[in-house]
Amino acid sequence: GRTAEALPVTKGERLHYTSEPFGAGSAEGKPLTIATVGPALVMNKSIAAVNGKAYSSDTLPVFAPGEAKKIDVLFSVTNEGSAIAEDVSLCASAGSYFVPSMKSPSPGCSIVDGRIEASYGSLLPGETRNMTFTFDAAERSCAMVYDSSILLHTFTTRYSGSYALSGTSHDAVFTVTDEEALDFPAYDFQLLRLAAAAIEGVPGATVPLRATVINGVTPVRDLAVTFYAIVDAADTLLLDHIMLEELESNSQALLAIDAVIPAEAKCIEYFAVIDARNSFGEFCEYNNAASVHLPLRGAGWIMDVAGFPNPVANTTRISYLLTREVRHLTLTFYDLEGRRIGEVLQLPGDIGRHTAPGNLGTFSSGTYLYTFEAVDLAGVRQRYTGRLVKL
């Protein structure tokens with residue numbers, strides 16, 4: 001290709017024979033040549049850069065947490081035929097985890113429904129035309145594990161041209177499709193689930209924990225999974241450290257440990273994280289952790305309630321520890337005669353430590369009451385009352 005001249009197939013031929021009564025003889029044939037007829041486009045695609053750095057297929061890309069993923073893809077079209085290719089257009093479809101983008105508007109180029117559509121104009125015989133497009137990670141790419149490395153699905157070129165056959169000229173429209181996917185392999189794994197094998201725990205007892213780890217498209221070795229306990233939303237305890245020697249692509253592993261609940265605990269949250277030191281630089285770092293709260297038997301629904309500061313000059317913050325999940329949590333302020341003087345609605349109601357604002361700046365000095373009210377998951381209304389002193 002890439003020439004309008006005749007291309008040699010053979011340099012010629014010689015036939016040797018014997019004939020009576022003349023004996024040995026030979027005959028020679030002419031060289032055989034062939035020429036391309038009409039335009040003929042050949043397409044190539046390759047990853048040129050990732051986040052502005054040259055890309056090498058020999059090394060997996062490494063990403064920092066929260067780092068953008070901008071992948072530059074070079075599209076190349078060459079006319080290896082013997083005639084002009086006219087009205088050349090390109091159409092390319094991105095993989096499920098990527099979307100094409102354009103840094104600046106380019107004449108003849110557009111993005112339609114996730115597809116790149118571009119015009120190359122006309123290509124002379126032997127001419128090559130290049131275009132570079134950028135692909136970003138789709139917003140939903142971190143909603144699941146990166147289980148498909150396809151960056152680009154299909155790459156189709158359409159063009160028109162004329163060719164001569166048996167001395168007669170013909171016009172035609174050609175379509176060439178490159179169906180070989182362009183891959184962008186990268187590490188990614190996910191801590192899909194962490195569960196406790198109990199509805200509620202007993203301080204001093206042991207509770208089994210189960211974690212489900214799934215791997216994406218790239219096999220991984222020596223993957224660390226670490227388990228913690230967060231006691232009373234304050235103290236973090238290291239429970240266990242498990243090393244997965246090998247995890248195949250698109251596979252999963254079930255890990256199990258036994259955790260002892262501290263005898264003095266009021267509430268407890270268990271937490272597990274994969275690759276806490278970010279040794280692999282994954283495609284997505286936000287799916288590596290999971291947690292589960294375990295209500296403890298015998299603990300009140302709300303504990304460790306206190307205002308800081310108290311006595312109050314103007315404003316205060318009231319901290320509280322929820323030992324079980326509640327709904328419709330509100331904070332109401334009263335004077336000593338029972339008159340409502342303020343209210344804070346829709347406070348956080350999940351297990352753990354939280355704070356709520358209080359403002360007594362417009363009221364006279366004295367003692368005031370505050371009341372937390374909520375409905376637990378069993379439908380029972382819960383109530384707690386405390387005191388604040390206004391200076």
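All residue numbers in this chain count up from 1 along the given sequence. The basis for the numbers below is simple: all heavy atoms, side chains too, and nothing from hydrogens, waters or symmetry mates.
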>> If you count heavy atoms of other groups shown closer than 6.0 angstrom to CD of E180, is the number above 12?
In response: no
> How about T134 and D72: does a side-chain donor come under 3.5 Å of a side-chain acceptor?
Replying inline: yes
> What distance separates L123 CG from T78 OG1, expressed to the nearest 0.5 Å?
Replying inline: 7.5 Å
>> Is a donor from one side chain sitting under 3.5 angstrom from an acceptor on the other, for Y97 and D147?
In response: yes
> For D222 and M243, what are the C-alpha separation, side-chain angles and deciding distance, and is it a side-chain contact (heavy atoms from CB on, under 4.5 Å)?
Replying inline: CA-CA 6 Å; D222 299 328; M243 187 71 71; 4.1 Å; yes
>> For the backbone of S96 and the side chain of R140, can you confirm whether one donor and one acceptor N or O come within less than 3.5 Å of each other?
In response: yes
> Would you say the side-chain atoms of R340 pair up with the backbone N or O of D335, donor to acceptor, closer than 3.5 Å?
Replying inline: no
> At what distance, to the nearest 0.5 angstrom, does CE of M43 lie from OG1 of T177?
Replying inline: 6.5 Å
>> With side-chain contact (heavy atoms from CB on, under 4.5 Å) as the criterion, how do V88 and T157 come out once you've worked through the C-alpha distance, each side chain's angles and the decisive distance to 0.1 Å?
In response: CA-CA 7 Å; V88 180; T157 299; 3.7 Å; yes
>> So, taking the atom named CG in L254 and the one named CZ in R210, what distance separates them when rounded to the nearest 0.5 Å?
In response: 7.0 Å
>> Regarding D232 and R353, does a basic nitrogen lie under 4.0 Å from an acidic carboxylate oxygen?
In response: no
> Taking side chain as C-beta onward, heavy atoms only, is W301 less than 4.5 Å from D376?
Replying inline: no
> Looking at OG of S82 and OH of Y163, how far apart are the two atoms once the value is rounded to the nearest 0.5 Å?
Replying inline: 12.0 Å
>> Quick one: does any side-chain atom of S56 pair with a main-chain N or O of D58 as donor and acceptor, under 3.5 Å?
In response: yes
> Would L209 end up clustered with V225 when hydrophobic side chains under 4.5 Å apart are linked, directly or stepwise?
Replying inline: yes
> Do Y334 and Y370 have their ring centres less than 6.0 Å from each other?
Replying inline: no
>> Check this for me: E245, atom CD, are more than 12 non-hydrogen atoms of other residues, nucleotides or ligands nearer than 6.0 Å?
In response: no
>> Please find the pair of heavy atoms, one from L329 and one from A374, that lie closest to each other, and give the distance.
In response: CD1-CB, 3.6 Å
> Would you find a donor on one side and an acceptor on the other, under 3.5 Å apart, between the side chain of N215 and the backbone of E248?
Replying inline: yes
>> Just so I know, are the side chains of P262 and L237 near enough to count as touching, which here means a heavy-atom distance under 4.5 Å?
In response: yes
> Please walk me through it: do F174 and Y159 pass ring-ring contact (aromatic ring centres under 6.0 Å, His included)?
Replying inline: CA-CA 5 Å; F174 307 87; Y159 58 98; 5.1 Å; yes
> Say you draw a straight line from CD of Q252 to CD1 of I214; how long is it, rounded to the nearest 0.5 Å?
Replying inline: 7.0 Å
> Side chains of S122 and E86: do they bring a donor and an acceptor to under 3.5 Å?
Replying inline: no
> Is there side-chain contact between N288 and L191, with at least one heavy-atom pair below 4.5 Å?
Replying inline: no
> With ring centroids as reference points, do F363 and F333 lie under 6.0 angstrom apart?
Replying inline: no
> Taking the side chain from T218 and the backbone from A186, do they hold a donor-acceptor pair closer than 3.5 Å?
Replying inline: yes
> What's the verdict on side-chain contact (heavy atoms from CB on, under 4.5 Å) for N51 and K53, showing C-alpha distance, side-chain angles and the deciding distance?
Replying inline: CA-CA 6 Å; N51 289 342; K53 299 179 181 179; 5.6 Å; no
> Sub-3.5 Å donor-acceptor pair from the side chain of T323 to the main-chain atoms of G300, do we have one?
Replying inline: yes
>> Under a 3.5 Å distance rule, please check whether N310 uses its side chain to pair with a backbone N or O of R387 as donor and acceptor.
In response: yes
>> So does S76 get a backbone contact from the side chain of N44, meaning a donor-acceptor N/O pair under 3.5 Å?
In response: no
>> Less than 6.0 angstrom separating the ring centers of Y228 and Y270, yes or no?
In response: no
>> Distance alone, cut at 3.5 Å: any donor-acceptor contact between the side chains of T355 and R317?
In response: yes
>> So V312 and V389, do their side chains get closer than 4.5 Å, heavy atoms only?
In response: no
>> Is there a side-chain contact between L90 and I116 in this structure, where contact means two heavy atoms from C-beta onward sitting under 4.5 Å apart?
In response: yes
> Looking only at heavy atoms, what is the nearest atom pair of S119 and M131, with distance?
Replying inline: O-CE, 3.2 Å
> Which atom pair, heavy atoms only, marks the closest approach of P65 to Y286?
Replying inline: C-OH, 3.9 Å
> To the nearest 0.5 Å, how far apart are OG in S291 and CD1 in I351?
Replying inline: 10.0 Å
>> Ignoring hydrogens, what is the shortest heavy-atom contact between L247 and A253? Give both atom names and the distance.
In response: CD1-CB, 3.9 Å
>> For T226 and L238: C-alpha separation, side-chain torsions, deciding distance, then whether side-chain contact (heavy atoms from CB on, under 4.5 Å) applies.
In response: CA-CA 8 Å; T226 310; L238 175 63; 3.3 Å; yes
> Any side-chain heavy atom of Y368 sitting closer than 4.5 Å to one from L360?
Replying inline: yes
> Can we say K69 and D136 salt-bridge, meaning some charged N sits less than 4.0 Å from an Asp/Glu carboxylate O?
Replying inline: no
> Stepwise, does the side-chain hydrogen bond (donor to acceptor under 3.5 Å, both in side chains) test hold for T385 with T371?
Replying inline: CA-CA 4 Å; T385 299; T371 299; 3.2 Å; yes
>> Can you confirm whether V380 sits close enough to V375 that some side-chain heavy atom of one is under 4.5 Å from a side-chain heavy atom of the other?
In response: no
> Between S26 (side chain) and L15 (backbone), is there a donor-acceptor pair under 3.5 Å?
Replying inline: no
> Does the ring center of Y187 lie less than 6.0 Å from the ring center of F283?
Replying inline: no
> Using 4.0 Å as the upper bound for N to carboxylate O, is an ion pair formed by K266 and D304?
Replying inline: yes
> Would a 4.5 Å heavy-atom cut-off, applied to side chains only, mark Y120 and F75 as touching?
Replying inline: yes
>> Determine whether a donor-acceptor pair (N or O, by modelled atom type, separation under 3.5 Å) exists between the side chain of H153 and the backbone of G95.
In response: no
>> Can you tell me how the ring of F280 sits relative to the ring of F189, calling it parallel under 30°, perpendicular over 60° and tilted otherwise?
In response: perpendicular
>> Can you give me the closest heavy-atom contact between Y320 and P348, atom names plus distance?
In response: OH-O, 3.0 Å
>> Just by distance, no angles: are the side chains of E127 and N79 close enough, under 3.5 Å, to form a donor-acceptor pair?
In response: no
